[in-house]
Amino acid sequence: MAHPDNLSLDQVTLCAGAKTILDNVTLTVPMTGVTLLAGRNGSGKSTFLKACLGLVRLQSGVLLLKGQPPELACRQIGYMPQGLSDTALMIPAISHVMAAMKGARWGIPLPSRARREDAERLLALTGALSFARRPLGLLSGGERQRVCLAQALTDNPKMLLLDEPLAALDHEAQHQIVSLLDTLTRDLGISILLTSHETEALGGKMSRILKLKNGSLHV
Amino acid sequence: MFEFEFMRHAFLGCTIVSVLAGTVGWFLILRRQAFAAHALSHIGFSGAAGAVWLGVSPLYGMIAFSLLAGLAMGNETKGAGALSPQRDSMIGLVLAASLGLGTWFLHEANGASSMATTLLFGDVLGIDTPTLLALSTVTVLCLAGLAFLGRPLLFASLMPDVAQARGVPVRLTSLGFMAIAALACSACAEVSGALLAFSLMIGPAATALRLGLRPVAGLATAVSLALFLSWGGLALSWVTDVPVPFWIGLGAAACYGMACMVRR
Ligand SMILES: Nc1ncnc2c1ncn2[C@@H]1O[C@H](COP(=O)(O)OP(=O)(O)OP(=O)(O)O)[C@@H](O)[C@H]1O
Ligand SMILES: [Mg+2]
């Protein structure tokens, strides 16, 4: 139960508006490797991820991620929301990544070469370096997705919560992202919880599947 | 033209306000709050009218009213983009109510129609030393506030969801920023008038953002353009005898037009 790599829910009830996403769920699963959170449209996958980050409050119960409540755990988590954001599209992609680096600290960062190089390293990792200087709004959906992934990787997260990271990508790109995620888990020991409808693209890379259905969650 | 003290004061006032308007405006446009900037300066106008009625300095009335409204707006905006339509109607209603109040204040402070013109169009040539001091204080306060909020504010403006997930107090930053914007709008209104306070904030910032620059370069461009516009406006109005806001307003639109041509 107290294992540091677990996701544990104790009598958790979670609602979104009038809809019950989790109905008194008690469950403990390891979070090593890649975990796929599966479920139909509207079953509450995105809401559940937000609850893991403390962005949505639980109705009742206790949720611990890596032994910590969401408000603490979120500091070591890289998050990539579903869909494309529509804010600040005129700012270059690389600035979006740099703004996320230690972004919660007060004050203004001094412009430094190290920060820039760090951002460029992450963008190269997700295959987004070639368009890093263009404004985000001028990139294609798939290109923006890669920038968002680079953003989620800032500040050396121990875990990634990725909401539909494979949507809007062509097969080639899906394949690249999946193998990148695989590398991240194996080389850096980052655990990944992702939602996706592209089960085939994930191939055999996932360690387990969590199914969310009618208010219940099971492995 | 610098042999006259009022011109020296005017240039100094414009310089201070341009630095402020450029920076705050850049964040306002980035956060898509151009309407809020517009509303804040007009709400400031009502506050100024109230101050005239009470016999206090208009600048204080302006600051008080727009601060209140700014906090109300900042409190309402949850995240940046998500509630946009609702946010706009909120701002519109706050604006309508305070304009109503402003009209009533002006009516009560009878014979104040020349005062109203000054408030609306600004009186850059009538800036005195106390006003300059008040302006500098406001500017220093605002810039210090922005320097403190800088990083979380930028993060939350670029990606509200991700920022919140990383522990940025999004609501607090938004409130703090709206307070700063309210102060800045009042200061700008002092120079270019409530009606055009926002041309100094919006024009240069929109141009800088249209160019697709990084934050630091964008802020620098916005401030330089604001300086260029206000100094140019003063000089042109000295030569042509046409009011300063005319030149600033047209100049702002022209800058944006040029940016569109440079960067299609
Ligand atoms: N703020 C909200 N207020 C009311 N209802 C909401 C809210 N957020 C989500 N819902 C509802 O909760 C349900 C789950 O939404 P959620 O976005 O978590 O689904 P999802 O599983 O991620 O779906 P998809 O596969 O389409 O991404 C939906 O029926 C949605 O309408
Ligand atoms: Mg979803």
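First the proteins, then the strands, lettered A, B, ... as listed; each starts at 1. Remember, it's a predicted structure, so these values are computed and weren't measured experimentally.
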Colleague: Heavy-atom pairs under 4.5 Å with chain B - which of A:Ala99, A:Gly103, A:Ala88 has more of them than the others?
Modeller: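 Heavy-atom pairs under 4.5 Å are most numerous for A:Gly103.
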Colleague: Can you tell which of A:Lys50, A:Gln76, A:His96, A:Glu71 has the highest number of heavy-atom pairs within less than 4.5 Å of chain B?
Modeller: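 Of the candidates given, the most pairs with chain B belong to A:His96.
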Colleague: Check whether more than 12 heavy atoms from other residues, nucleotides or ligands sit under 6.0 Å from atom CZ of B:Phe11, and answer yes or no.
Modeller: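 More than 12 heavy atoms, drawn from other residues, nucleotides or ligands, come within 6.0 Å of this atom.
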Colleague: Pick from B:Gly212, B:Pro169, B:Gly167: which one has the most heavy-atom pairs with chain A under 4.5 Å?
Modeller: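 Result: the option with the highest number of such pairs is B:Gly212.
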Colleague: Only pairs of heavy atoms separated by less than 4.5 Å count here; which of A:Cys74, A:Gly107, A:Ser95 has the most with chain B?
Modeller: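 Highest number of pairs under 4.5 Å: A:Gly107.
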Colleague: Please report the closest heavy-atom contact between A:Arg133 and B:Arg214, naming both atoms and the distance.
Modeller: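 Answer, listing the atom of A:Arg133 first, then B:Arg214: NH1-NH2, 3.4 Å.
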Colleague: What residue, out of A:Met80, A:Gln151, A:Arg75, has the most heavy-atom pairs lying under 4.5 Å from chain B?
Modeller: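 Between A:Met80, A:Gln151, A:Arg75, the count favours A:Gln151.
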Colleague: Look up atom OH in A:Tyr79 and atom CE in B:Met159, then write down how far apart they are to the nearest 0.5 Å.
Modeller: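 Taking OH in A:Tyr79 and CE in B:Met159, the distance rounds to 13.0 Å.
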Colleague: Taking all heavy atoms of B:Leu213 and all of A:Pro92, pick out the closest pair and write down the distance.
Modeller: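 Distance-wise, the nearest heavy atoms are O-CD, 3.3 Å.
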Colleague: Within the structure provided, determine whether A:Thr87 and B:Leu30 are in side-chain contact (heavy-atom separation under 4.5 Å).
Modeller: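 Side chain of A:Thr87 against side chain of B:Leu30, heavy atoms only: no contact under 4.5 Å found.
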Colleague: Roughly how far, to the nearest 0.5 Å, is CE of A:Met98 from CG of B:Leu154?
Modeller: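 Answer rounded to 0.5 Å: 10.0 Å.
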Colleague: Quick one: what part of A:Leu55 sits under 4.5 Å from any heavy atom of chain B, side chain, backbone, both or neither?
Modeller: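 Side chain only.
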Colleague: Do any N or O atoms from the side chain of B:Arg166 and from the backbone of A:Ile77 form a donor-acceptor pair under 3.5 angstrom?
Modeller: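 Pair found, side chain donor or acceptor close to backbone of A:Ile77.
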Colleague: Heavy-atom pairs under 4.5 Å with chain A: which of B:Pro215, B:Gly218, B:Ala163 has the most?
Modeller: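 Highest number of heavy-atom pairs under 4.5 Å: B:Pro215.
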Colleague: Which heavy atom of B:Phe155 sits nearest to which heavy atom of A:Ala104, and what is that distance?
Modeller: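 Scanning both residues completely, I find the closest heavy atoms to be CD2-N, 4.3 Å.
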